[in-house]
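First the structure, in the form of structure tokens, and then the observations on it.
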Amino acid sequence: MFDSKKDGVLEFGEFVKGLSVFHPNTPEEEKIDFAFELYDFNQMGHIGREEVKLMLIAILSESDTDLSDDVIEAILEKTFVDADTNRDGKIDRDDWKDFVCRNPAMIKMMTLPYLKEITTTFPSFIFHSKVDDLST
């Protein structure tokens with residue numbers, strides 16, 4: 001997601017720009033959009049059931065939590081009942097925004113407080129500034 005040029009190389013400017021979404025001063029709207037893109041890893045413009053399931057399994061694996069397939073399916077079902085407001089079997093951007101606004105913990109992990117200290121200590125290290133592409 002940080003490779004904005006989509007060239008398979010993560011340059012420092014791309015890294016800084018990507019990291020900026022985690023800054024405490026980044027507007028919530030940007031965090032919501034970033035999280036949507038993170039879940040929509042098939043880039044179809046919506047979050048499908050399989051994408052949520054893969055993300056859920058990855059999160060459970062990271063926390064060494066082992067849940068049965070039935071429990072995972074129940075979590076998926078509840079998520080879609082809560083998030084898919086138009087009941088079309090997918091979570092679009094509007095569904096996602098509404099869901100996150102009702103469940104702010106969904107993006108709480110997207111704020112890294114220590115990044116605020118970096119911009120205070122190093123004022124020249126400004127987030128959300130346009131990064132010039134020196135390769136052109």
Hphob cluster co-occupancy, Val81 + Leu56, side-chain heavy atoms under 4.5 angstrom: no
Any side-chain heavy atom of Ile72 within less than 4.5 Å of one from Leu60? yes
Between Phe22 and Phe34, what is the ring plane arrangement, given parallel below 30°, perpendicular above 60°, and tilted in between? perpendicular
Nearest 0.5 angstrom please: His46 NE2 to Asp94 CG, how far? 14.0 Å
Give a yes or no on whether Glu28 atom CD has more than 12 heavy-atom contacts from other residues, nucleotides or ligands under 6.0 Å away. no
Do Glu73 and Lys53 pass the side chain to side chain contact (heavy atoms under 4.5 Å, CB included) test, and can you show the C-alpha distance, the side-chain angles, and the key distance before you say yes or no? CA-CA 8 Å; Glu73 286 301 318; Lys53 184 175 184 175; 3.2 Å; yes
Would a single hydrophobic cluster contain both Met109 and Val100, if residues Ile, Leu, Val, Met, Phe, Trp and Tyr are joined by side-chain heavy-atom contacts under 4.5 Å? yes
Quick one: pull up CG in Asp95 and CZ in Arg87 and give me the separation to the nearest 0.5 Å. 8.5 Å
Please lay out, stage by stage, how Ile75 and Leu67 fare under the test side chain to side chain contact (heavy atoms under 4.5 Å, CB included). CA-CA 10 Å; Ile75 293 169; Leu67 298 178; 3.9 Å; yes
Work out which heavy atom in Cys101 is nearest to a heavy atom in Ile32; give both atom names and the distance. SG-CD1, 4.5 Å
Met1 and Leu10: same hydrophobic cluster, using ILVMFWY side-chain contacts below 4.5 Å? yes
Donor-acceptor pair, Glu30 side chain versus Val21 backbone, under 3.5 Å? no
Just by distance, no angles: are the side chains of Lys31 and Thr26 close enough, under 3.5 Å, to form a donor-acceptor pair? no
Separation between CZ of Phe99 and CG of Asp84, rounded to the nearest 0.5 Å: 11.0 Å
Please give the remaining members of the hydrophobic cluster of Phe41, linking ILVMFWY side chains under 4.5 Å, ordered by chain and number. Leu54
Crowded around Asp69 CG? As in, over 12 foreign heavy atoms under 6.0 Å? no
I'd like to know whether Lys97 forms a side chain to side chain contact (heavy atoms under 4.5 Å, CB included) with Glu29, so could you lay out the CA-CA distance, the side-chain angles of the two residues, the decisive distance to 0.1 Å, and finally the verdict. CA-CA 8 Å; Lys97 185 184 288 186; Glu29 183 77 23; 2.8 Å; yes
Determine, using the 4.5 Å side-chain heavy-atom cutoff (strictly less than), whether Phe36 and Met44 are members of one ILVMFWY cluster. no
May I ask you to check whether over 12 heavy atoms, not counting those of Asp66, lie within 6.0 Å of atom CG? no
Of the non-hydrogen atoms in Pro113 and Pro24, which two are nearest, and what is the gap between them? CA-CG, 3.8 Å
Check the pair Glu14 / Val9 against side chain to side chain contact (heavy atoms under 4.5 Å, CB included), numbers first and verdict last. CA-CA 9 Å; Glu14 290 173 310; Val9 176; 5.6 Å; no
Which distance, rounded to the nearest 0.5 Å, do you find between the NZ of Lys5 and the CG of Asp7? 6.5 Å
Student check: side-chain heavy atoms of His23 and Met110 closer than 4.5 Å: no
For Asp40, run the side-chain contact (heavy atoms from CB on, under 4.5 Å) check against Ile47, Asp92, Ile91 and tell me which one passes. Ile47
Whether Arg102 side chain and Asp82 backbone form a donor-acceptor pair below 3.5 Å: yes
Over 12 foreign heavy atoms within 6.0 Å of CZ, Phe2: yes
Taking atom OG1 of Thr65 and atom CD1 of Ile57, what is their separation to the nearest 0.5 Å? 13.0 Å
Check whether any side-chain heavy atom of Glu51 sits under 4.5 Å from a side-chain heavy atom of Tyr39, and report yes or no. no
Rounded distance [0.5 Å steps], CG in Asp3 versus CD in Glu11: 8.0 Å
For atom CE of Met55, is the number of surrounding heavy atoms from other residues, nucleotides or ligands below 6.0 Å larger than 12? yes
